[in-house]
Amino acid sequence: MMELNLTRKDYLQVGVTSPRTMKLLPEKKSKVQQKIAVADQTGVLQCFGLKKGEIVPLFKTLPTHKITRLELGGVLGSQPDKIFVATGSEVKGYTKKGKQFLGFDTNLTESIKTMWVCGSHLFLGGSYIFNHYIDCKDENYYLCSDRINDVSCLPMPRVTEVTPVLACQDRVLRVIEKSNLLYELEVSGPPQTLCVYANDGGEDGEEMLYGTADGKVGLVQLNRTSPSHRWEIPNEKRNGGILCMDNYDITSDGVVDLLIGRDDGIVEVYGYDEADEPVLRFTQTLSESVSSVQGGVVASAGYDEIIACTYAGWIQGLTTEPQHKEAGPGDSVKVSEESNNKITALKQELEEMQQKVLQEREKYHYAAMNTKAISAVPQFNINDRFSLNKDDASYTLSIEVQIAIDNVLLQSDVPIDLLDVDKNSAVVSYSACDSENGNFLLATYRCQANTTRLELKVRSIEGQYGTLQAYITPRLQPKTCQVRQYQIKPLSLHQRTHILDDTRQMNELKLTGQFSLAEIHSWVSFCLPEIPERTPPGDTINFHFLSTFLDTQLDCFYKQGEGTFRSDNISTISILKDVLTKEATKRKINLNISYELKDDSIPLTLQRIHPKLEYQLLLAKKVQLIDALKELEIHEGNLDFMSPEYRQILEDADKLQTEYKKQPCHLERLYGMITDLFIDKFKFKGSNVKTKVPQLLEVLDNYELQNLVDFFATGGL
């Protein structure tokens with residue numbers, strides 16, 4: 001397989017961009033230079049090309065409202081050379097020369113978040129509502145039970161029925177037929193973006209690519225009766241989520257490749273082997289999240305290129321064109337006139353910018369000294385995400401600013417652990433906290449120069465809920481900061497799933513009372529993540545959850561005046577009982593509470609904790625031995641007399657210490673969960689066993705699973 005060599009080129013910077021707001025306009029001839037159309041959050045749409053390495057603007061619109069999506073369209077069967085943009089509840093259409101030919105106000109109650117154009121068909125997605133228009137006339141409508149992240153459609157010339165596909169936050173692809181749901185297909189993570197496979201839907205035109213928020217890419221076949229999963233690329237390196245995809249033959253092997261842009265700035269190229277399985281061919285890391293990615297020919301005719309647009313609006317190219325010349329001994333390489341002119345122009349531009357900076361600095365100092373001057377707070381955009389990772393039961397907080405970040409201060413009113421992140425180069429310092437007054441964390445991340453994106457990892461404790469606040473200060477004058485708040489929910493480590501194992505022993509909590517469906521939905525939404533804010537349509541609601549830490553499950557079924565919650569973990573039921581009762585009391589609603597406990601569920605929960613606890617105890621023991629073994633190695637020199645187990649610990653010393661450092665308080669958290677389980681079991685039986693906790697900790701220090709199960713059975717008597 002030929003190695004792919006791509007060289008990075010920077011073209012220009014526009015305003016802050018939303019995902020998928022850049023496209024390359026198609027040309028009739030192949031390998032001919034294409035134009036770039038890009039829209040930003042200031043409402044400006046611009047189109048430009050390149051000539052001899054210089055930017056040649058074609059048109060630029062005036063600023064209006066934020067543009068959330070840009071798509072290309074045209075007559076079915078011809079080249080899609082018309083530009084469509086979504087802004088607010090309006091769709092505008094432009095020719096490739098910049099003439100507006102369409103201004104369609106949809107009068108939708110929600111702002112348009114996603115859009116797909118195909119011939120005379122227009123598909124729009126708000127937060128929860130999907131609309132289908134034909135020639136700007138309302139044709140179909142569907143109200144979704146969870147947030148819509150993207151909208152696409154199977155290619156119409158190849159598939160006779162119009163088949164829209166919705167990527168929804170609850171880990172489901174919903175296939176729509178007219179105004180009804182045809183079927184749902186569960187995927188491994190919340191799908192953020194959709195892309196028709198190979199631009200034509202594959203062999204039968206029914207194949208669709210999806211990219212998830214947790215960084216996985218998959219291919220599904222969406223036929224009318226039995227949809228199926230074809231393949232999925234796992235995210236073993238824990239890279240960022242997928243924001244955009246495109247199909248383009250960048251390797252020039254006759255097979256269309258898959259181009260991927262991630263929210264941590266990674267651009268990837270996947271080729272396909274003989275079995276049509278994806279193979280990674282190329283990776284490049286940019287400094288900001290990649291909001292749009294396209295393949296085409298831009299800078300030089302005949303040379304393929306990947307064009308990426310970042311969150312802060314940088315348009316960058318990864319080109320196959322060689323960017324350097326080689327010379328042998330005694331040879332000389334002549335700099336072309338074009339390059340000379342470019343160098344001169346750049347020098348002149350740099351001098352002009354330096355002069356402008358000096359003038360503005362003087363102006364600012366003069367204004368700062370003026371007693372009558374009014375200080376204006378500079379505005380800046382923040383792109384942030386707070387999401388749960390299934391792999392290590394932690395939350396990732398990513399903060400991206402259009403300008404360099406100076407520092408980020410984290411404050412939490414609940415106990416949380418900060419975990420190490422390899423990508424994070426910021427220096428962290430902790431300040432003393434007054435936990436008695438509800439301040440459990442105060443940490444400052446000082447960023448290195450030109451850092452525009454910061455990624456942090458935190459782990460919460462279930463049962464303890466509150467708010468995590470981030471004070472974000474960029475390198476701006478005058479100094480200013482923005483505060484972002486993130487809710488830590490009572491059952492924060494639970495993740496939505498669509499599969500429930502009915503063979504498990506389930507404890508049950510039943511609530512009845514004078515409450516509406518919307519009220520109980522708001523209480524459940526307060527307790528659990530990944531639940532839509534809006535009450536889903538229907539008289540009854542059913543959600544399934546899986547604990548990312550312990551793999552225990554929770555089933556929530558509720559309707560007006562009644563709610564039933566089942567879990568194989570008594571602590572989950574206990575937390576729900578406490579929080580739901582508290583929320584109902586706030587609204588002065590009386591609840592009738594009944595519960596049914598299964599004692600057999602306790603040993604099964606302890607067995608789920610067992611592998612994690614055993615591993616952490618062994619890890620802690622090995623780390624404790626490292627210093628003593630290293631001292632022995634210094635004094636003795638030869639270690640042949642040691643057992644293979646001790647020699648292995650010395651060999652893996654750095655790896656073990658790194659792992660132990662990455663998981664601070666892990667053992668403490670497991671001890672806490674077992675203690676809570678013990679207290680909750682007997683609390684439901686009307687006994688207070690807090691005095692038995694020291695005995696329980698003693699059993700844990702000399703850990704044996706059977707001894708622990710026996711202690712739970714007898715209550716420490």
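We count residues from 1, following the sequence as given. Remember, it's a predicted structure, so these values are computed and weren't measured experimentally.
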Review point. Can you name the closest pair of heavy atoms from V298 and Q33 and give their distance?
Key: O-NE2, 2.8 Å

Study note, to complete from the structure: All heavy atoms of R262 vs all of G240, minimum pair found to be NH1-O, 2.9 Å

Exercise for review: Examine distances only and state if a side-chain atom of D246 and a backbone atom of G295 form a donor-acceptor pair shorter than 3.5 Å.
Suggested key: yes

Practice item. Using a 4.5 Å cut-off on heavy atoms from C-beta on, say whether the side chain of V293 contacts that of I306. Key: yes

Check your understanding: Is any side-chain heavy atom of I176 less than 4.5 Å from a side-chain heavy atom of L181?
Key -> yes

Point to revise | Identified side chain to side chain contact (heavy atoms under 4.5 Å, CB included) partner of Y270 from the options L259, V217, L258 | key: L258

Review point. Between CG of L243 and CD of Q192, what distance do you get to the nearest 0.5 Å?
Key: 5.5 Å

Study note, to complete from the structure: On a heavy-atom basis, the closest approach of S18 and T68 is CB-O, 3.8 Å

Exercise for review: May I ask you to decide if T21's main-chain N or O and S291's side chain share a donor-acceptor pair within less than 3.5 Å?
Suggested key: no

Check your understanding: Hey, is D170 close enough to R147 for a salt bridge, meaning N to O under 4.0 Å?
Key -> no

Review point. For the residue pair S289 and N383, what are the closest heavy atoms and their distance?
Key: OG-ND2, 4.0 Å

Check your understanding: Where do L222 and V165 land on the side chain to side chain contact (heavy atoms under 4.5 Å, CB included) test, with the steps shown first?
Key -> CA-CA 9 Å; L222 303 173; V165 184; 3.7 Å; yes

Review point. Hey, what do you get for CG (L397) to CZ (R484), rounding to the nearest 0.5 Å?
Key: 10.5 Å

Point to revise | Over 12 foreign heavy atoms within 6.0 Å of CG, N450 | key: no

Check your understanding: Is a side-chain N or O of E110 found less than 3.5 angstrom from the main chain of S127, in a donor-acceptor match?
Key -> yes

Point to revise | Separation of I266 CD1 from N239 CG (nearest 0.5 Å) | key: 3.5 Å

Point to revise | Of K178, E139, H121, the residue whose pairing with H132 passes side chain to side chain donor-acceptor pair (under 3.5 Å) | key: H121

Exercise for review: For the residue pair L173 and L194, establish whether any side-chain heavy-atom pair is separated by less than 4.5 Å.
Suggested key: yes

Review point. Is a side-chain donor or acceptor of R174 paired with a backbone partner of C144 at a separation under 3.5 angstrom?
Key: no

Review point. Are N424 and E455 close enough, and set up right, to give a side chain to side chain donor-acceptor pair (under 3.5 Å), and what steps lead you there?
Key: CA-CA 6 Å; N424 191 345; E455 194 171 291; over 6 Å; no

Exercise for review: Would you check if L318 and T7 make a side-chain contact, meaning some heavy-atom pair closer than 4.5 Å?
Suggested key: no

Practice item. Check whether any side-chain N or O of D40 sits under 3.5 Å from a backbone N or O of T42 as a donor-acceptor pair, and report yes or no. Key: yes

Practice item. Can you measure from CG (N223) to CG (L182) and round to the nearest 0.5 angstrom? Key: 9.5 Å

Review point. Quick one: does T106's side chain have a donor or acceptor within less than 3.5 Å of a partner on S89's backbone?
Key: yes

Practice item. May I ask you to decide if K66's main-chain N or O and T87's side chain share a donor-acceptor pair within less than 3.5 Å? Key: yes

Check your understanding: Can you check side chain to side chain donor-acceptor pair (under 3.5 Å) on Q169 and N149, steps first, answer last?
Key -> CA-CA 6 Å; Q169 185 63 23; N149 290 334; 2.8 Å; yes

**Study point:** L25 side chain near Q34 side chain, heavy-atom distance below 4.5 Å
**Key:** no

Check your understanding: Would one find more than 12 heavy atoms of other residues, nucleotides or ligands at under 6.0 Å from atom CZ of R8?
Key -> yes

For residues 50-63, which side-chain donor-acceptor pairs fall under 3.5 Å, sequence neighbours excluded?
| from | atom 1 | to | atom 2 | distance (Å) |
| --- | --- | --- | --- | --- |
| T61 | OG1 | L45 | N | 2.8 |
| T61 | OG1 | L45 | O | 3.4 |

Exercise for review: Measure from the side-chain N and O atoms of R281 to the backbone N and O of I250, and report whether any donor-acceptor pair falls under 3.5 Å.
Suggested key: no

Practice item. Using a cut-off of 6.0 Å, state whether more than 12 heavy atoms not belonging to K96 lie near its atom NZ. Key: no

Point to revise | Identified ring-ring contact (aromatic ring centres under 6.0 Å, His included) counterpart of F84 within the set F104, Y133, W116, F101 | key: F101

Point to revise | NZ/NE/NH1/NH2 to OD/OE distance under 4.0 Å, R69 and D150 | key: yes

Check your understanding: Ignoring hydrogens and geometry, is there a side-chain-to-backbone donor-acceptor pair from Q316 to I307 under 3.5 Å?
Key -> no

**Study point:** Heavy-atom side-chain contact between F130 and P164 under 4.5 Å
**Key:** yes

Review point. Is the closest side-chain heavy-atom distance between W314 and L286 below 4.5 Å?
Key: no

**Study point:** Which atom of S398 lies closest to which atom of R453, heavy atoms considered
**Key:** CB-NH2, 3.6 Å

Only distances under 3.5 Å count here; give the side-chain donor-acceptor pairs of residues 206-215 to other protein atoms, sequence neighbours excluded, each with its distance to 0.1 Å.
| from | atom 1 | to | atom 2 | distance (Å) |
| --- | --- | --- | --- | --- |
| E206 | OE1 | Q221 | NE2 | 3.4 |
| E207 | OE2 | R230 | NH1 | 2.1 |
| Y210 | OH | E232 | OE2 | 2.8 |
| T212 | OG1 | D214 | OD1 | 2.4 |
| T212 | OG1 | G215 | N | 3.4 |
| T212 | OG1 | K216 | N | 2.9 |
| T212 | OG1 | K216 | O | 3.3 |
| D214 | OD2 | K216 | NZ | 3.2 |

Point to revise | Test item: N131 side-chain N/O and G125 main-chain N/O as donor-acceptor pair under 3.5 Å | key: no

Point to revise | Sub-4.5 Å side-chain heavy-atom contact between D406 and P474 | key: no

**Study point:** Least distance between heavy atoms, K31 atom then S252 atom
**Key:** NZ-OG, 4.2 Å

Point to revise | Separation between CG of L72 and CG of D81, rounded to the nearest 0.5 Å | key: 8.5 Å

Check your understanding: Which distance, rounded to the nearest 0.5 Å, do you find between the CD of E71 and the CG of L122?
Key -> 10.0 Å

Check your understanding: L6 and T320: side chain to side chain contact (heavy atoms under 4.5 Å, CB included), yes or no, with the steps?
Key -> CA-CA 5 Å; L6 300 177; T320 53; 3.4 Å; yes

Review point. Are the charged groups of R385 and E400 less than 4.0 angstrom apart, N to O?
Key: no

Practice item. Decide side chain to side chain contact (heavy atoms under 4.5 Å, CB included) for I405 and T473; before the verdict, give the C-alpha distance in whole Å, the side-chain angles of both, and the deciding distance to 0.1 Å. Key: CA-CA 6 Å; I405 302 169; T473 309; over 6 Å; no

Review point. How about E203: does its CD atom have over 12 heavy atoms from other parts shown lying under 6.0 Å from it?
Key: no

Check your understanding: Are there more than 12 heavy atoms of other residues, nucleotides or ligands under 6.0 Å from atom NE2 of H229?
Key -> yes

Point to revise | Derivation of the side chain to side chain contact (heavy atoms under 4.5 Å, CB included) call for I129 and Y142 | key: CA-CA 6 Å; I129 299 166; Y142 180 74; over 6 Å; no

Check your understanding: Are the aromatic ring centres of Y272 and Y197 under 6.0 angstrom apart?
Key -> yes

Review point. Do you see a donor-acceptor pair shorter than 3.5 Å between the side chains of Y248 and D304?
Key: yes

**Study point:** Intermediate values then yes/no, side chain to side chain donor-acceptor pair (under 3.5 Å), R224 and T163
**Key:** CA-CA 9 Å; R224 302 296 290 178; T163 313; 3.2 Å; yes

